[in-house]
Peer 1: 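Can you keep this structure in mind? I'll have questions shortly.
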Amino acid sequence: MSIPTRVRLIDVGPRDGLQNEKQPVPAAVKIELVRRLQAAGLREIEVTSYVSPKWVPQMADNHEVMAGITRQAGVRYSVLTPNLKGFEAALADRPDEIVVFGAASEAFSQKNINCSIAESIERFAPVVQAARAAGIAVRGAMSCTVGCPYEGDIAPEKVGYLAGLMKGIGVERVDVADTIGVGTPRKVQRAVEATLAHYHLDHVSGHFHDTYGQALANTLAALELGVWNFQSSVAGLGGCPYAKGATGNVASEDLVFMLHGMGIATGIDLDRLIDAGQFISEHLGRKPNSRVATAILNKRAG
Ligand code: HMG
Ligand code: MG
């Protein structure tokens with residue numbers, strides 16, 4: 001398998017990145033972040049989620065954010081919908097794609113969405129059906145595909161099992177997520193291969209949190225298998241509220257720098273992406289959690 005010559009990134013910063021922030025981030029700031037990401041050349045942006053505001057207060061402004069963004073032609077705006085209630089709420093805002101989110105680990109499924117893996121699939125099935133009937137694309141996030149904060153190591157068979165269930169209910173493409181960033185390259189490859197038994201390469205993406213600093217290596221490992229869709233967060237924002245200690249996704253800036261350095265096209269303007277990361281980091285009162293952003297901002301300052 002030769003390494004892909006182009007990669008498509010989904011920036012999940014507005015959703016995965018911000019969902020764990022304790023202080024409310026105003027909708028206007030989220031809207032401006034989305035604007036800056038699309039201006040930087042992102043063609044897929046995960047904007048928000050329609051989940052219980054008691055569980056994830058930061059995403060309670062989903063309608064306001066979706067109504068406030070100025071959509072650009074050719075950009076796909078996705079949102080998370082865990083059940084029909086969430087889907088019906090999202091429908092009014094016309095997302096291009098909805099994301100159902102399950103886990104390869106039973107314990108994480110319970111903690112994150114309050115049901116078993118089997119029950120989650122029962123809940124997702126009518127959501128997937130309704131979305132496809134409405135002409136909305138459907139993605140499935142698969143959490144804890146290498147490790148779980150409650151169960152430890154996750155066997156690739158569990159990933160394959162979940163991918164098969166997702167496929168069975170009509171989910172069009174899936175994310176292999178390392179929720180807590182414990183994956184290392186070979187383990188990640190096993191999880192991707194288990195998924196590839198059910199999904200075409202074009203329909204599998206990598207979603208690697210960088211908690212243990214492995215996300216770029218894991219991305220390279222997935223690239224070696226031909227995967228060319230990846231999720232990342234501008235400024236390395238993020239963490240899952242139900243995965244204690246888990247930090248952000250791999251920083252989009254770091255990923256873009258690596259890919260461009262390898263001659264892989266992304267369509268993203270790194271300088272404008274760094275500006276977007278600086279914008280949100282300034283709002284949050286900290287520095288971007290990206291080595292590349294830090295290096296380039298230092299260079300600019302010098
Ligand atoms: P539940 O309590 O089992 O749901 O929660 P329920 O159906 O029994 O309803 C309980 C209450 O929630 C009711 O309200 C419902 O109306 C309300 P009450 O009568 O008590 O006032 N409710 C909702 N409200 C708004 N939107 C909805 C909704 N559904 C029910 N869609 C539920 C089940 C899934 C809703 C809950 O567990 C939840 O919201 N969980 C949040 C999970 C979440 O957002 N996690 C973070 C995103 S996943 C992630 O980050 C991982 C990912 O990045 C990949 C990776 O890295 O692994 C994707
Ligand atoms: Mg995540």
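Atoms within a ligand are numbered from 1 in the order they appear, just like the ligands themselves.
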Peer 1: Could you work out, with side chain to side chain contact (heavy atoms under 4.5 Å, CB included) as the rule, every residue matching Phe101, not counting sequence neighbours?
Peer 2: Val51, Leu80, Pro82, Asn112, Ile113, Ala141
Peer 1: About how large, to 10 degrees, is the angle NE2 of His209, then the Mg ion (ligand 2), then NE2 of His207?
Peer 2: 90°
Peer 1: Pairs of nitrogen or oxygen atoms, one from ligand 1 and one from the protein, closer than 3.5 Å: please tabulate them with distances.
Peer 2:
unit_1   : atom_1 : unit_2 : atom_2 : d
ligand 1 : 3 (O)  : Asn114 : ND2    : 2.8
ligand 1 : 16 (O) : Lys85  : NZ     : 3.3
ligand 1 : 20 (O) : Lys54  : NZ     : 3.3
ligand 1 : 21 (O) : Lys54  : NZ     : 3.1
ligand 1 : 26 (N) : Val51  : O      : 3.3
ligand 1 : 29 (N) : Asn83  : ND2    : 2.9
ligand 1 : 31 (N) : Tyr50  : O      : 2.9
ligand 1 : 31 (N) : Asn83  : OD1    : 2.9
ligand 1 : 31 (N) : Gly86  : N      : 3.3
ligand 1 : 39 (O) : Ser52  : N      : 2.9
ligand 1 : 40 (N) : Asn112 : O      : 3.2
ligand 1 : 45 (N) : Asn112 : OD1    : 2.9
ligand 1 : 50 (O) : Arg15  : NH1    : 2.9
ligand 1 : 50 (O) : Gln19  : NE2    : 2.8
ligand 1 : 53 (O) : Arg15  : NH2    : 2.9
ligand 1 : 53 (O) : Asp16  : OD2    : 2.9
ligand 1 : 53 (O) : His207 : NE2    : 3.3
ligand 1 : 56 (O) : His207 : NE2    : 3.0
ligand 1 : 56 (O) : His209 : NE2    : 3.0
ligand 1 : 57 (O) : Ser143 : OG     : 2.5
ligand 1 : 57 (O) : Thr179 : OG1    : 2.5

Peer 1: Are His63 and Asp93 close enough that some pair of their side-chain heavy atoms sits under 4.5 Å apart?
Peer 2: yes
Peer 1: For residues 45-60, which residue pairs pass the salt bridge (charged side-chain N to carboxylate O under 4.0 Å, His left out) check, not counting sequence neighbours?
Peer 2: Arg15-Glu46, Glu46-Arg139
Peer 1: What's the shortest heavy-atom distance between Leu284 and Val25, and which atoms?
Peer 2: CD2-CG2, 3.9 Å
Peer 1: Would a distance-only check, ignoring hydrogens and angles, find a side-chain to backbone donor-acceptor pair under 3.5 Å from Gln278 to Pro288?
Peer 2: no
Peer 1: With sequence neighbours left out, what residues match Glu64 under salt bridge (charged side-chain N to carboxylate O under 4.0 Å, His left out)?
Peer 2: none
Peer 1: What N/O/S atom of Asp16 gets nearest to the Mg ion (ligand 2)?
Peer 2: OD2
Peer 1: Could you tell me whether the side chain of Leu255 reaches within less than 4.5 Å of the side chain of Leu216, counting heavy atoms only?
Peer 2: yes
